[in-house]
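A quick write-up on the structure given underneath.
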Amino acid sequence: MCGRFRYRGMTIESDELKHVPGLEIRKAFPPRFNIAPTQLSPIVRATKDGGHEVEALRWGLLPFWAKDQSFGAKTINARAETVPEKPAFRNAFRFRRCLVLSHGFFEWETTPTGKQPWLFTLPGESLMVFAGLWESWTPKDAPPETPPTETFSILTTTATTRGAWIHDRFPVVLAPEDWVHWMDDSISPQELERLVQKVQTGHAATEMNQWPVTRKMSNARYEAPDAVEPLSTQGKEGTDLLL
DNA sequence: CCAGACGTTGTT
DNA sequence: GTCTGG
DNA sequence: CCAGACGTTGTT
DNA sequence: GTCTGG
């Protein structure tokens with residue numbers, strides 16, 4: 001699945017998303033080494049005027065009817081296989097798909113001495129884009145003028161053969177040519193169905209590297225650069241994972 | 001009709 | 001809000 | 001995802 | 001064991 005990831009940050013001048021039309025980057029986003037559920041993280045979504053924007057949203061999707069924000073603990077991921085039907089996700093799936101920006105995600109290996117975290121990245125630790133959904137939520141008895149809380153969820157699908165040693169579910173990683181299509185609000189339900197089929201077979205980004213990292217990062221409060229560094233001499237070489 | 005869930009993962 | 005179970 | 005709490009009362 | 005917070 002995807003319960004923790006990292007983000008290298010973005011400046012106003014960043015060209016990582018240059019292929020997303022009409023994208024205005026209004027502010028910079030700092031590097032994050034250990035993004036956990038409930039925290040803010042940048043996503044890309046379509047705007048009303050046909051463009052796109054980057055905003056930091058809270059991880060853990062809150063449907064508008066959620067009674068309180070603890071509901072988001074159960075919705076950090078959405079299964080690609082069932083997301084069109086699930087009450088908590090179907091509206092967001094139909095109308096509010098987004099790109100979740102990362103540069104790799106963590107998975108935990110169960111060992112005799114406890115849980116060992118690993119980082120999965122794309123070659124060159126380049127931008128890894130997850131298929132996401134977003135929602136807008138306002139607490140039931142909030143005073144007027146209370147700004148809504150905007151939240152997101154990350155789609156998951158079956159892990160591929162060579163990723164399955166650590167886990168049977170992986171986040172849906174979108175290929176750059178699908179980024180804009182995924183956010184397109186005007187596509188038909190038929191087209192959307194076709195897209196989600198493709199997304200399920202996913203990992204359009206076909207090659208990942210993996211390496212073990214410090215167990216200190218298992219604590220969600222740990223936010224230091226070495227959270228993403230290879231343990232000891234393992235290095236980032238020889239860790240290729242063809243998916 | 002009302003009440004209660006609405007979710008994913010992993011483990012046994 | 002909407003669906004399911006009782 | 002993992003880590004940490006899981007409770008009440010009264011006092012500062 | 002299970003829930004909440006990060």
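Note that these values count all heavy atoms, side chains included, but never hydrogens, waters or copies made by symmetry. Here is the naming used below: chain letters follow the sequence lines, and residue numbers restart at 1 for every chain.
- Rounded to a whole Å, the CZ atom of A:Phe33 is 22 Å from the P atom of D:dC2.
- Checked for salt-bridge contact, A:Glu85 and A:Arg79 miss the test: no charged N lies under 4.0 Å from a carboxylate O.
- Bounding nucleotides for the chain A contact on DNA chain C, 5' to 3', at a heavy-atom distance below 4.0 Å, are C:dG1 to C:dT2.
- Follow the hydrophobic side-chain contacts under 4.5 Å out from A:Leu40 and you never reach A:Val54; the two are in separate clusters.
- Residue-level contact check: A:Ala78 touches the backbone only, with heavy atoms under 4.0 Å from sugar-phosphate atoms and none from bases.
- Between the NZ atom of A:Lys74 and the C1' atom of D:dC1 there is a distance of 17 Å, given to the nearest Å.
- Within a heavy-atom distance below 4.0 Å of DNA chain D, the residues of residues 1-10 of chain A found are A:Met1, A:Gly3, A:Arg4.
- What separates CG of A:Leu61 from P of B:dT8 is a distance of 11 Å, to the nearest Å.
- The interatomic distance linking A:Trp65 (CH2) with B:dG4 (C1') rounds to 11 Å, in whole Å.
- Going from atom CD of A:Glu223 over to atom P of D:dC1 covers 20 Å, rounded to whole Å.
- Contact annotation: A:Thr110 reaches the phosphate of B:dT11 (side-chain N/O to OP1 or OP2, under 4.0 Å).
- Note on A:Ile154: it clusters hydrophobically with A:Met1, by side-chain heavy-atom contacts below 4.5 Å among ILVMFWY residues.
- At most 12 non-hydrogen atoms from other residues, nucleotides or ligands lie less than 6.0 angstrom from NZ of A:Lys140.
- Using a 4.0 Å heavy-atom criterion, one finds that A:Arg215 contacts no nucleic acid atom at all.
- A:Tyr7 and A:Trp118 end up in the same hydrophobic cluster when Ile, Leu, Val, Met, Phe, Trp and Tyr side chains are linked at under 4.5 Å.
- Ring orientation note: the planes of A:Phe152 and A:Trp59 are close to parallel, at an angle under 30° on the 30°/60° scale.
- Residues A:Trp134 and A:Glu150 have side chains that never bring a donor and an acceptor to within less than 3.5 angstrom of each other.
- Counting any heavy atom pair closer than 4.0 Å across all strands shown, A:Thr156 reaches sugar-phosphate atoms only and no base atom.
- Remark: the A:Arg4 side chain and the A:Asn34 side chain contain an N/O donor-acceptor pair separated by less than 3.5 Å.
- In this structure, the OH atom of A:Tyr222 is 17 Å from the C1' atom of D:dC1, given to the nearest Å.
- When base pairs are accepted only as Watson-Crick or G-U wobble with both N-N or N-O distances under 3.5 Å, DNA chain B takes part in stems of 3 or more pairs at B:1-6 with C:1-6.
- When rounded to the nearest whole Å, the span between CD of A:Gln39 and P of D:dA3 equals 15 Å.
- Between A:Thr75 and the phosphate of B:dC6, there is no side-chain N or O to OP1/OP2 separation shorter than 4.0 Å.
- Only the P atoms considered, B:dG4 is 16 Å distant from E:dC3, to the nearest whole Å.
- For the OP1/OP2 pair of D:dC2 and a distance below 4.0 Å, the side-chain nitrogens and oxygens of A:Lys115 include at least one atom meeting the criterion.
- More than 12 heavy-atom neighbours from other residues, nucleotides or ligands sit within 6.0 angstrom of CD on A:Glu109.
- By the 5.5 angstrom centroid cut-off and the 30-degree plane limit, A:Trp108 is classified as not stacked against the base of D:dC1.
- Heavy atoms of A:Phe105 sit nowhere under 4.0 angstrom from any nucleic acid atom.
- Residue contacts shown for A:Ala73 are absent, as no nucleic acid heavy atom lies under 4.0 Å away.
- Listed pair A:Thr38 / D:dC1 fails the phosphate criterion, with no side-chain N or O lying under 4.0 Å from OP1 or OP2.
- At whole-Å resolution of the value, CZ in A:Phe170 and P in B:dT9 are 12 Å apart.
- Counting any heavy atom pair closer than 4.0 Å across all strands shown, A:Asn34 reaches no nucleic acid atom.
- Side-chain proximity of A:Lys67 to the nucleotides B:dC6, D:dA3, B:dG7 is greatest for B:dC6.
- With C1' as the reference atom, B:dA3 and D:dT11 are 42 Å apart, rounded to whole Å.
- The same atom, P, is picked in E:dG6 and in B:dC6; the two are 24 Å apart, to the nearest Å.
- The side chain of A:Arg169 contributes an N or O atom lying less than 4.0 Å from OP1 or OP2 of B:dT9.
- With P as the reference atom, B:dT9 and C:dT2 are 27 Å apart, rounded to whole Å.
- Using a cut-off of 4.0 Å between Lys/Arg side-chain N and Asp/Glu carboxylate O, A:Lys216 and A:Glu229 are scored as not salt-bridged.
- Between A:Lys115 and A:Glu107 there is no salt bridge, since no side-chain N of the basic residue sits under 4.0 Å from a carboxylate O of the acidic one.
- Taking atom P on both nucleotides, E:dG1 is separated from B:dT8 by 24 Å, rounded to a whole Å.
- The aromatic rings of A:Phe120 and A:Phe105 lie parallel to each other, with less than 30° between the two planes, well short of the 60° mark.
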